[in-house]
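Quick note on labels: first sequence line is chain A, next is B, and so on, each numbered from 1. Given the structure is predicted, the values throughout are model-derived calculations rather than measurements.
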Amino acid sequence: MIDDTAIIIPAYNEGPVIAGVIKAVKKEFKNVVCVNDGSKDQTAVFATEAGADTLSHLTNIGQGGALETGIKYALMNPDIKYFVTFDADGQHRLEDVKMMLAEIKKGEHDIIIGSRFITNTTKIPPLKRQVLKLAVLFTKATVGLKLTDTHNGLRVFNRKFANEVNLKNFGMAHASEFLEIIKKNKFMYKEVPITVEYTEYSKSKGQPIINAVNIVFDLMFRG
Amino acid sequence: MLIKLILIIALVALGAYIVRRMGSVHVMAWKRIAFILFILFGIVSVIYPTIVDTLAKDIGIGRGADLLLYAMVVTFLFVTINFYIKFRKLELRQNKIISKMAIVEKEKNK
């Protein structure tokens, strides 16, 4: 049982799958924090029953907001050394998380980021692949970090990094903000190959590609 | 003419109202000055409508009505962007509160 790591799972209307995902994680990790982002279904109830430490937003404020809440909450527990952001729809694999944890425990990096593009084990729909590639170029131009996958939800980071997280974009543009935190604080980062399992469910829940337009817009006009 | 009186009263009332409302938030002084100038220009052009025409000709636009239209488009864009930024700020503030509340509630029920 791993007890120095918090698995942070933002969830919005994940009723059909949340219990299964949390139960699987719970088998190996003691601290599972589920942030119910104002779901209209029974997500919070199922998550609590499955054994997660569940927090609920009054209304839906976006995935970035749920991550912010989960990270701040996990930071209150002094036993937590590592923080993992994990998707609620079951598309991330626990073996990847454990591999990333082993990597960060070497102590050379502050954050380990999953990438779908180092090895081609992930089957990504062709159009989505092109949009993600564009996102990589966009990030390179705006933030200036060399990465192969800038919009991957699977990350493992240490306390030092978690302390600097203060997300302003509570929508989907938060992925770029994580990279800005790296840049601003000169954190050591590493990308490792992971596999994202796109199920029919996660495909139906995932953000439509057109949302890329909104992300770019959000990044350009920040309050 | 009665229409002039009505328009001037409307402009003055609107100006007073907005400047007073602006006082409750942090609006940079130049925004207020620009706004007062805008209102003054409105009043002047109501009293002397030909001024707009003359001004339009001076800067190379055919008619005064066209000048008004261009000015309105620019003002509209300015206002829209202003509102968008303000809206984003409010949204961020609200989200911070909701995030904080979730943690406070959780702690309370422990």
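Interatomic distance, CD1 of I61(A) versus CG of L92(B), reported as 9.5 Å (0.5 Å rounding). To the nearest 0.5 Å, atom CG of residue L167(A) and atom NZ of residue K96(B) are 7.5 Å apart.
Contacts between D53(A) and chain B at a heavy-atom distance below 4.5 Å involve backbone atoms as well as side-chain atoms. Only the backbone of T54(A) comes within contact range of chain B, with at least one heavy atom under 4.5 Å from a heavy atom of that chain.
Here the closest non-hydrogen pair linking A102(B) and L55(A) is O-CD2, 3.8 Å. S99(B) and G65(A) get closest at one heavy-atom pair: OG-O, 4.3 Å.
Highest contact tally toward chain A, considering only L90(B), I97(B), I103(B), is held by I103(B) [criterion: heavy-atom pairs under 4.5 Å]. When each of E105(B), Q94(B), E107(B), K106(B) is scored by its heavy-atom pairs under 4.5 Å with chain A, the top score falls to K106(B).
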Please output the side-chain donor-acceptor pairs of residues 64-74 of chain B that fall under 3.5 Å, not counting sequence neighbours, one pair per line with the distance.
| unit_1 | atom_1 | unit_2 | atom_2 | d |
| --- | --- | --- | --- | --- |
| D66(B) | OD1 | R63(B) | NH2 | 3.3 |

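At most 12 heavy atoms of other shown residues, nucleotides or ligands fall within 6.0 angstrom of atom CZ in R93(B).
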